[in-house]
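In what follows, every heavy atom counts, from backbone to side chain, and hydrogens, waters and symmetry copies are set aside. So that the names make sense, note that chain A is the first sequence line, chain B the second, and so on, each numbered from 1.
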Protein chains: 2
Amino acid sequence: MGKLTREAVVERALEIGDAEGLQAVTIRRLAQELGVTPMALYWHFKNKEQLVVGMADHLIEDFEITPDGSRPWQEQLRELVGRLVRMLRRHPCAEAVLEEVDKMEVPAFLRVWDTALGLALRARFGARESCLITRYILQGAIALAGGSVEHRRCVPDEERAEHVRLKRVRFQSLPPDTYPNIVRMAVPLTERGDAELYDTFGVDLLLAGIESMAARLDG
Amino acid sequence: MGKLTREAVVERALEIGDAEGLQAVTIRRLAQELGVTPMALYWHFKNKEQLVVGMADHLIEDFEITPDGSRPWQEQLRELVGRLVRMLRRHPCAEAVLEEVDKMEVPAFLRVWDTALGLALRARFGARESCLITRYILQGAIALAGGSVEHRRCVPDEERAEHVRLKRVRFQSLPPDTYPNIVRMAVPLTERGDAELYDTFGVDLLLAGIESMAARLDG
DNA sequence: ACCTGAACACCGTTCAAGT
DNA sequence: ACCTGAACACCGTTCAAGT
């Protein structure tokens with residue numbers, strides 16, 4: 001039996017979170033699955049908050065950002081956001097984790113933020129604008145990519161389809177005079193198939209806004 | 001003593017949430033403050049989830065959106081987002097509430113969404129793009145406006161300033177070789193004074209992205 | 001250094017019962 | 001219709017103690 005290590009705990013926590021949602025990640029539950037007493041975890045983490053910080057850090061730590069002065073900042077920013085988005089897709093609980101933690105306490109997140117700041121400055125945004133822009137794009141990417149994930153438990157496709165069908169019916173049976181557009185667009189609203197379109201469109205939107213603001217600075 | 005009404009419960013819950021954070025909003029705590037047994041709340045709400053739905057609905061219900069075909073869609077969209085943002089500023093717990101609930105279950109949110117959908121369609125976006133855009137702008141506004149709020153308890157200015165100073169020091173004492181930009185920009189990063197600039201810039205960014213995408217459709 | 005056991009103060013929720 | 005009382009199965013966390 002391998003001993004209880006910080007990493008093992010965090011990885012197990014992420015497994016539970018991805019499978020059943022972050023609210024299922026519990027000190028007691030975690031301890032039980034690891035074959036250990038709940039208090040054992042308190043040796044490795046000061047409290048539950050620090051455990052979630054550990055989860056967030058583990059989610060972002062392998063991003064390997066290499067700022068490269070020879071490539072355009074738009075391209076690099078897009079790459080950075082792309083990695084964030086793909087990670088959020090892979091881990092259903094990532095959005096919840098990143099919303100719950102104080103991101104300032106997550107070293108890996110600070111590194112990503114630092115890279116983004118460098119790119120914004122290179123785009124000739126001022127100090128304040130760069131701060132706002134980077135907050136905006138990172139937060140926006142989390143909200144956007146996370147929002148398109150069913151962060152419930154991993155369900156068999158059949159049950160997922162049933163869930164979609166139910167939501168669609170709910171939309172269609174709303175009073176059409178107060179919700180005309182939602183009733184009419186119940187189908188596209190509940191479609192979730194083309195995650196790829198969603199990703200590129202979302203990222204395009206984020207970056208179009210930033211480029212547009214950058215152009216104003218230059219003009 | 002007025003009787004226990006759904007509205008009174010929701011309002012009290014929002015007071016607690018704004019003052020001490022959503023995690024302080026507890027069935028038992030709420031019951032105690034209302035001078036009633038915890039189980040009494042279960043007569044008015046099926047469970048805690050429905051209570052939070054009630055909170056979300058109450059936060060958005062008085063938005064009074066009047067779609068007006070004679071005004072440009074950009075203007076109306078900006079107004080809609082502006083209301084969302086101002087509400088999020090007024091209520092420190094609003095972001096947490098809106099993140100926790102299933103927004104599809106909040107009637108007032110569905111009305112806002114319906115209005116936004118109408119505006120997107122008027123901007124000549126297709127059905128799918130309109131769905132994405134409206135999700136994007138509503139979610140983005142929540143994340144952006146909420147992110148600039150200290151959603152801890154309402155603290156006296158003095159303690160708040162101390163908190164900012166502490167964060168700044170933490171940034172400045174990070175290893176400058178791994179976090180060069182964060183160290184250098186510790187001051188603007190922790191500045192929080194001009195909420196107004198933050199708001200307009202954030203909303204501008206959101207709308208610049210959307211207008212830019214709309215222009216591509218026309219071009 | 002690393003883990004256990006017992007205990008404390010909290011949760012949400014159910015169910016039967018009161019008025 | 002509206003609320004209470006007792007109980008159940010959970011939490012996170014502390015503190016003293018074991019090895």
Side-chain angles (χ1 to χ4, degrees), chain A residues 1-58 93 96-97 99-102 105-106 151-153, chain B residues 1-58 93 96-97 99-102 105-106 151-153:
Chain A
M1 35 203 52
K3 43 187 139 188
L4 191 63
T5 155
R6 248 187 88 96
E7 231 201 352
V9 176
V10 163
E11 277 164 8
R12 191 66 153 197
L14 284 172
E15 283 173 26
I16 298 178
D18 282 338
E20 305 180 37
L22 185 55
Q23 90 290 342
V25 177
T26 267
I27 298 279
R28 293 178 117 101
R29 160 89 181 269
L30 209 41
Q32 184 200 330
E33 291 206 6
L34 293 165
V36 99
T37 281
M39 315 338 133
L41 300 189
Y42 283 88
W43 179 259
H44 301 274
F45 302 90
K46 192 189 149 215
N47 50 31
K48 196 188 174 184
E49 190 184 336
Q50 287 306 307
L51 167 67
V52 184
V53 168
M55 293 171 73
D57 202 55
H58 193 266
C93 77
V97 169
E99 269 165 3
E100 188 166 316
V101 294
D102 180 1
E105 296 219 339
V106 183
H151 48 316
R152 326 281 167 209
R153 62 214 148 94
Chain B
M1 36 205 52
K3 43 188 139 186
L4 191 64
T5 156
R6 248 186 89 96
E7 232 202 351
V9 176
V10 163
E11 278 165 7
R12 189 67 151 195
L14 285 172
E15 283 174 27
I16 298 177
D18 282 338
E20 305 179 36
L22 185 56
Q23 90 288 342
V25 176
T26 266
I27 298 279
R28 293 179 117 103
R29 160 88 183 268
L30 210 41
Q32 185 201 329
E33 291 207 5
L34 293 164
V36 100
T37 283
M39 315 337 134
L41 300 189
Y42 283 89
W43 178 258
H44 301 272
F45 301 91
K46 193 188 149 218
N47 51 31
K48 195 189 174 184
E49 191 185 336
Q50 287 305 307
L51 167 67
V52 183
V53 168
M55 293 171 73
D57 202 55
H58 193 265
C93 76
V97 169
E99 270 165 4
E100 188 166 316
V101 294
D102 180 1
E105 296 219 339
V106 183
H151 48 316
R152 325 285 167 205
R153 62 215 149 94

Rounded distance [0.5 Å steps], OG1 in B:T37 versus CD in B:Q32: 11.5 Å
Contact under 4.0 Å: B:T26 side-chain N or O vs C:dG12 OP1/OP2: yes
Expressed in angstrom and rounded to an integer, what is the separation of [X] atom [atom1] from [N] atom [atom2]?
{"X": "A:Q23", "N": "D:dA9", "atom1": "CD", "atom2": "P", "value": "21 Å"}
{"X": "A:Q32", "N": "D:dA9", "atom1": "CD", "atom2": "C1'", "value": "13 Å"}
{"X": "A:K48", "N": "D:dT14", "atom1": "NZ", "atom2": "P", "value": "15 Å"}
{"X": "B:N47", "N": "C:dG12", "atom1": "CG", "atom2": "C1'", "value": "9 Å"}
{"X": "A:R28", "N": "C:dA6", "atom1": "CZ", "atom2": "C1'", "value": "11 Å"}
{"X": "A:Q50", "N": "D:dG12", "atom1": "CD", "atom2": "P", "value": "15 Å"}
{"X": "B:Y42", "N": "C:dC15", "atom1": "OH", "atom2": "P", "value": "13 Å"}
{"X": "A:R29", "N": "D:dT13", "atom1": "CZ", "atom2": "P", "value": "18 Å"}

Close side-chain approach of A:D102 and A:V53, heavy atoms under 4.5 Å: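 Sidechains of A:V53 and A:D102: no contact.
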Heavy-atom check, side chain of B:F45 versus side chain of B:I27, under 4.5 Å: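 No, side chains not in contact.
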Nearest non-hydrogen partners of A:A40 and A:L4, listed with the distance: CB-CD2, 4.0 Å
Nearest non-hydrogen partners of A:M55 and A:L14, listed with the distance: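 Taking A:M55 first and A:L14 second, the nearest heavy atoms are CE-CD2, 3.6 Å.
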Opposite nucleotide pairing with [N], Watson-Crick or G-U, both atom distances under 3.5 Å:
{"N": "D:dA17", "answer": "none"}
{"N": "C:dC3", "answer": "none"}
{"N": "D:dG12", "answer": "C:dC8"}

Test item: A:D57 side-chain N/O and A:V106 main-chain N/O as donor-acceptor pair under 3.5 Å: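 No; zero donor-acceptor contacts below 3.5 Å.
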Expected output: side-chain B:R6 to main-chain B:H44 donor-acceptor under 3.5 Å: yes
Filtered N/O pairs between nucleotides 1-4 of chain D and protein, under 3.5 Å:
| residue | atom | partner | partner atom | Å |
| --- | --- | --- | --- | --- |
| D:dC2 | OP2 | B:W43 | NE1 | 3.2 |
| D:dC3 | OP2 | B:H44 | NE2 | 2.8 |
| D:dT4 | OP2 | B:T37 | N | 2.8 |
| D:dT4 | OP2 | B:T37 | OG1 | 3.4 |
| D:dT4 | O5' | B:T37 | OG1 | 3.4 |

